[in-house]
Amino acid sequence: MISAVYFGTHHFSAHILESLIKSGIFDIKLVITQPDRPVGRKKEIQASPVKAIAQKYNLKIEQPETLKGYALSESADFNITCQYGLIIPKAILETAKHASINVHTSLLPKYRGASPIQSALINGEKETGITIMMMDEKMDHGDILRQERVNIDSNDTYAELNEKLLAIAPQLLIQTVSDYVEGKITPQIQNHDEATFCKEFTREDGKIDWNKTGEQIYNLYRGLTPWPGIWAEYDGKRLKLLEIKPTSVHVEQGKITPQQDKLLAGCGQNTAIEIIKIQLEGKNSMNAKEFINGFKNIL
RNA sequence: CGCGGGGUAGAGCAACCAGGCAGCUCGUCGGGCCCAUAACCCGAAGGUUCUCGGUUCAAAUCCGAGCCCCGCAA
């Protein structure tokens, strides 16, 4: 058995954790995840997905507000991290007997940071991948152990790309750790000159700039859907575009135009998108036809 | 008590502010037109206006309480 302390918070990470457990070759001695946070309109306290998995398998859990100056109650052969969301100090990285290893959802050194999947989509990348790497004190900066590529289909959204990465990541991680233990891997230094960075997105990042082309806006949609989503100002209210696709029809820029049963919106350089599902602030989501029926007077 | 929008026919909305026959775009059903149609024409059905109470000759509309949905914020 390989012992490990696991650091993680979000869904992708929870899936990785469960895969490690199910592999039967890891002894997860401790799970570190972010504190329970208030979520939703009612501010209900909610546990992270990783915590939910840890509880399911009765693992030991700790949820420090910060790891700065924090001392782990357990140490292990490996520290394994994935989408933890907080900085892990060098002092803690060094508690691992073998190594501290991170699972990152891009082909490092590209897309270091908090939103590699979203950013790859927004930038219209044709491929991305999983990187298994050594951790050091700088974010996503350590030596690379293994990488595996996946193609990005032109219509992939965050959900699909996330699934593709999830389909290969657990096995790659498990195999890499096993090979590392057996001394089969030579860590490769990243080419730091080629590093690019991406930050965490907020709802503000989803505001549509109609000067951008239909393709650019579609890419933004692909990266930011379902969260935080893309939206436009309309009639003084927030109008979420829940589902869109590119179209070759030309309509007036920045204006939402009904055409038959379809809703079109003009973008930069004489391009356009078709809006399939939409939601106005205060309203439930509706499809284009419903929106046209109800709001044609003010379109 | 964090801020804000909303609940009206199967769907999406209007009418509410300023009380007086509940309407529009669709959908459904029937008929017509057509080589044909999701197009066009004619007609019909379909409502406890979220719930409870109050004011009034009269409440979708005004007042009070409650339930539910949603946008922001966190």
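Side chains are part of it too, since the values below use all heavy atoms of this structure and drop only hydrogens, waters and symmetry mates. Chain letters run A, B, ... following the sequence lines, proteins first and then strands; every chain starts at 1. None of these values were measured; they are calculated from a predicted model.
- Among residues two or more places apart in sequence or in another chain, the side-chain hydrogen bond (donor to acceptor under 3.5 Å, both in side chains) test is passed with A:S13 by A:Y6.
- The base-pairing partner of B:G4, taking Watson-Crick or G-U wobble contacts with both distances under 3.5 Å, is B:C70.
- For the P atoms, the distance from B:C29 to B:A59 is 37 Å, rounded to whole Å.
- Of all nucleotides present, none satisfies the Watson-Crick or G-U wobble test against B:C17 with each distance under 3.5 Å.
- Nucleotide B:A60 forms a pair with no other nucleotide shown, judged by Watson-Crick or G-U wobble geometry with both contacts under 3.5 Å.
- Side-chain proximity of A:N284 to B:C70, B:G5, B:A73: nearest is B:C70.
- Across the C1' atoms, B:G2 and B:C62 are found 29 Å apart, a figure rounded to whole Å.
- Ion pairing between a basic and an acidic side chain is recognised when a charged N comes within 4.0 Å of a carboxylate O; A:R222 and A:E125 show no such pairing.
- Close to B:G12, at under 4.0 Å from its OP1 or OP2, lies no side-chain N or O of A:K289.
- Residue A:N293 has its side chain nearest to B:A11 when only B:A11, B:A74, B:C13 are considered.
- Pairing for B:U25 goes to B:A11, judged as Watson-Crick or G-U wobble with the two contacts each under 3.5 Å.
- Contact annotation: A:R203 side-chain N/O to B:C72 OP1/OP2 distance is under 4.0 Å.
- With no hydrogens or angles considered, a side-chain donor-acceptor pair links A:S73 and A:E62 at under 3.5 Å.
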